[in-house]
Amino acid sequence: MTEQKRLRVALQKSGKLSEGSLDLLNKCSFKLRPAKNHYLIQSKEMNTDFLMIRDDDIPGFVDSNASDIGIVGENGYIEYILENPEHDLEIMAKLKFAACRLSIAAAHDSEIKTVADLAGKTIATSYPETLRDFLKKHQVKARILVMHGSVELAPKIAIADAICDLVSTGTTLKENGLVELEVILESEAVLIGRRSASNEIRQRTAELIYRLQSVIDAKDSKYIMLHIDKDNVSKLKEILPGCESPTVLHLHGSDNKVAVHVVSKEGVFWDTIAKLRSIGASSILVLPIEKMME
Ligand code: AMP
C-alpha cells in the first residue's frame with residue numbers, strides 16, 4: 001500500500017491571524033501548540049505538516065508549491081495576486097474570522113474629505129498594489145509611500161497626507177486622529193490553494209474544509225429547548241432565525257403544552273429570549289453546539 005502524502009498547511013506564526021487559525025484547527029482535533037522556535041509542526045491528525053511562517057510569505061509559499069494550502073487574510077491574498085498576475089492561487093474557503101477592512105483615512109482636520117481630494121497627495125500603505133488598483137479604477141493620480149508597519153503615524157510625522165490600512169475596531173485610527181474616508185475592500189481569513197493542485201491534494205483539502213466548516217457553522221448556532229403552547233409553535237420560526245423544522249415532543253401530563261427542540265443558526269441574544277417569553281415559552285435552555293455536520 002502506498003503511504004498517504006503529507007498535506008502541507010502554511011499558517012501565520014504570530015500575529016492577528018495566528019490565534020484564530022490555531023483555535024479553529026484545534027477545534028477540529030489538531031493539537032497545535034507552537035513553541036517559539038518551531039517552524040514545522042507535524043501532526044498525526046490527517047497526516048498534516050503545519051509550516052509556521054510570516055503571513056506575507058504564505059501566498060508565495062502556496063503558489064510556488066512549498067506548501068499545499070495556507071490560511072491568510074483575504075487582503076494579503078489580493079495584494080499578492082495583483083502583484084503576481086501569473087499566479088496559480090485560488091480561495092478555497094472563507095473562514096469567518098479576522099474580519100477587517102482596508103480603508104483610506106486622513107486626519108480629521110485634513111482638507112482631504114473624498115477620494116477625489118487624494119489627487120496629487122501622498123498615501124502611506126503596506127498594500128501598494130491594492131491601493132494602486134483602487135486609485136486606477138477611480139482615475140486618481142496619487143503618490144504611494146510603502147511602509148511595513150506603523151502606517152497610522154505617517155500623517156502625524158508629515159511623510160504622507162493620508163493612509164490606506166487595515167481597520168478592525170477603528171481604535172487605532174481614532175487614537176491617531178484619523179477619519180475613515182473610503183473602504184477599499186472587506187477582508188476575512190481565507191484558505192488558499194493552487195488551481196493546478198493534484199486530485200489527491202484537492203481531496204485532502206476538501207476533507208479539511210469539511211471539518212473547518214462544521215466548526216465554523218457551529219460557532220453561532222445554538223441548540224434550544226423550551227416548552228410552549230401547541231398553537232404557538234409556528235410563531236417560533238419568526239423569532240428564531242435559521243429554525244427550519246423543530247422537533248415537537250409531547251409533555252407528559254399536559255394536553256396543550258409541548259416541548260420544542262430546535263437548532264438556531266444565528267446568535268441567540270437576550271432580546272430573542274424576551275420574544276420567546278412574550279409568546280409564552282418557558283423552561284428555556286440554550287446550549288452551545290460543538291460541530292455541525294451536514
Ligand atoms: P483596530 O484598532 O482594531 O481598528 O486595528 C487596526 C490595527 O490592527 C492596524 O494596525 C491594522 O493594521 C491591524 N489589523 C486589524 N485587523 C487586522 C487583520 N485582520 N489582519 C492584520 N492586521 C489587522
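Residue indices begin at 1 and follow the sequence shown. Each ligand, and each atom within it, is numbered from 1 in the order the structure gives. Bear in mind that the values here come from a model prediction, so they are computed numbers and not experimental data.
A distance-only check finds no donor-acceptor pair linking the side chain of His138 to the backbone of Val140 [under 3.5 Å]. Checked by atom type and distance alone, the side chain of Asn47 never pairs as donor or acceptor with a backbone atom of Arg6 at under 3.5 Å. Side chain of Asp49 to backbone of Gln42: no donor-acceptor contact under 3.5 angstrom is found.
For Arg132 and Glu129, the salt-bridge test passes: some basic side-chain N is under 4.0 Å from an acidic carboxylate O. Between Glu186 and Lys94, no side-chain nitrogen of the basic residue sits less than 4.0 Å from a carboxylate oxygen of the acidic one, so the salt-bridge criterion is not met.
In this structure, ligand 1 sits under 4.0 Å from heavy atoms belonging to Lys16, Ala98, Cys100, Asp165, Leu166, Val167, Ser168, Thr169, Gly170, Thr171, Thr172.
Under the 3.5 Å distance criterion, with hydrogens and angles disregarded, a donor-acceptor pair is assigned to the side chains of Glu180 and Ser103.
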